[in-house]
Amino acid sequence: MRAFPEGFLWGTATSSHQVEGNNDNNQWALWEQLPGRIWQGQKAGRACDWWRNAERDFDLMVQLHQNAHRLSIEWSRVEPEAGQFDAQALARYRTMIAGLRERGIRPMVTLHHFTEPLWFWRQGSWRHPQALARFRRYVERVVDVLGDLVDLWCTVNEPVVYAALGYLIGRFPPGQHHPVRGFQVLRQLVLAHATAYHTIHERRPGAQVGLAKSLFIFAPWRPHRPLDVLMTTLVRYLYNQLVLDAVHDGHLRPPLGWDTQPYPGLAHTADFIGINYYGRTMVAFSPRHLRTFFIHEFTHPAGETTDITATGEPYSEVYPQGLYELVRWVWQRYRKPIYVTENGLPDEDDDQRPRFIVRHLAALHRAWQEGADVRGYFHWTLVDNFEWADGWKLRFGLVALNPETQDRTPRPSAHVYARICQTNGIPDDLWTQYGVNTDATA
Ligand code: FCB
């Protein structure tokens, strides 16, 4: 069998807004009210009902042999008004996190996973001069209350996705096309990460603090065309590299910044790197794609694709060997411990997910065998949840959810993943059934 290192973390990942239910005090609640923003006008509603009863799903994690879980804290619950902290909300998070630990599930806690309190949002979000100080105040409080229960922290989830979808593509709030602003916001998120890094370490010197970085495989559509290659290089730089380089050596490179000196306090602010990996994207130069600087991104028409998003396109191309390539790249470039903080696919009928899991984990295993310090894998996600602008259309869960009745039905892949978690590796029979005759991951 393909055995993973001892103490490897096996879990799933979630975020507050997507699972808790009734989060009506953040910018996504506002976004939900606007016509045309979310698929079929759907609402998060009760979501997976975690605020009332996350423990039901914690029990499910135990049944499925998981030993870790990545979840996020909802800033708008903890600090509903500027400077006013809600002791009850913090107590609820304490109960939840203690509940995970009692069940033998190690928590990894994310501090910012796309959502922000309405007061913060309405005052300009990250563009407000006090934004970083405000974030620091929130992080201080969270770490003061939860720090003894948590030793793995993710500061910010997918800063590039937040900035690009909000300020370039417009699918996320505030729905703008304002690239300059997008890079300002991205810069702020990088600095917010560093602020949180130091805030946590001042209080908890032994904690491991990193961020969750979305990485894609970008490949030129026509490799013989210099412009396709150029665009691919540009996207790799802007999307995959810029933020990780910044937290590694402290340099805010263009267009994040223009200084030749590193930004104070930014270098070496990742004890680990979290990789969120969802597949491969083809890149072509296209004069028609003015709004994205002539970059046209799409999934390979001959590739294996996932379920379709609200925009009518597949969510992504399934490309397991990309996980191997990216883990190797991150390891060679940054030499930091690595967690796969998200990896998954929308696949409602679960005819792809078992193979997806086995093949991605084989790719991860190979990267580990070749020397990368890989420490854990968090599948996105446990139970179907509210998928942002795609509403309930995309089903990422190992377990199917009926949001009305809150009934849960494990999909076959839940059991496949459970066997891997239980054996701390990929048993040969699973490999034979789901892994072979595929790509370079073998
Ligand atoms: C990631 C997000 C996560 C979830 C998955 C499917 O980009 O971090 O919240 O939406 O995609």
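Note that the structure is predicted; figures quoted are calculated from it, not measured. In each ligand, atom 1 is the first atom listed, and ligand 1 is the first ligand listed. Values reported hereafter were calculated over all heavy atoms of this structure, with side chains retained and with hydrogens, waters and symmetry mates removed.
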Let me see the working for Trp153 and Tyr197 under ring-ring contact (aromatic ring centres under 6.0 Å, His included), right down to the final yes or no. CA-CA 9 Å; Trp153 295 90; Tyr197 180 89; over 10 Å; no
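At least one heavy atom of Asn157 sits under 4.0 Å from some atom of ligand 1.
Close contacts between ligand 1 and Tyr315 involve ligand atoms 6 (C), 11 (O) [criterion: under 4.0 Å to a heavy atom]. Applying the 4.0 Å criterion to heavy atoms of Gln18 picks out, from ligand 1, the atoms 3 (C), 4 (C), 9 (O), 10 (O). Every atom of ligand 1 is numbered from 1 in the order shown, and the set under 4.0 Å from a heavy atom of His113 is 2 (C), 3 (C), 8 (O), 9 (O). Close approach of ligand 1 to Phe396 (heavy-atom distance below 4.0 Å) involves ligand atoms 6 (C).
Looking at Ser125 and Glu116, their side chains do bring a donor and an acceptor atom within 3.5 Å of each other.
Distance check: Ser286 OG to His296 NE2 gives 6.0 Å after rounding to the nearest 0.5 Å.
For atom 2 (C) of ligand 1, the nearest protein heavy atom (residue, atom name, distance) is Glu342 OE1, 3.4 Å. The nearest protein atom to atom 5 (C) of ligand 1, hydrogens excluded, is given as Tyr278 OH, 3.2 Å; this is a heavy-atom distance.
Inclusion of Ser15 in the set of residues having an N or O under 3.5 Å from an N or O of ligand 1 is not warranted. The shortest N/O to N/O separation between Glu158 and ligand 1 falls below 3.5 Å.
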All N/O donor-acceptor pairs, side-chain side in residues 33-46, below 3.5 Å, sequence neighbours left out:
from, atom 1, to, atom 2, distance (Å)
Gln33, NE2, Ala29, O, 3.2
Gln42, OE1, Trp392, N, 2.7
Lys43, NZ, Glu32, O, 3.3

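Applying the side-chain hydrogen bond (donor to acceptor under 3.5 Å, both in side chains) test to every pair with at least one member in residues 238-253, sequence neighbours left out, gives these pairs: Ser214-Tyr239, Gln241-Asp245, Asp245-Arg333, Asp245-Tyr334, Asp249-Arg253.
For the pair Arg171 and Trp388, the cation does not sit on the ring face, since its NZ or CZ is not both under 6.0 Å from the ring centre and inside 45° of the axis.
Annotation: Phe378 is not in aromatic contact with Trp10 [ring centroid separation under 6.0 Å not met].
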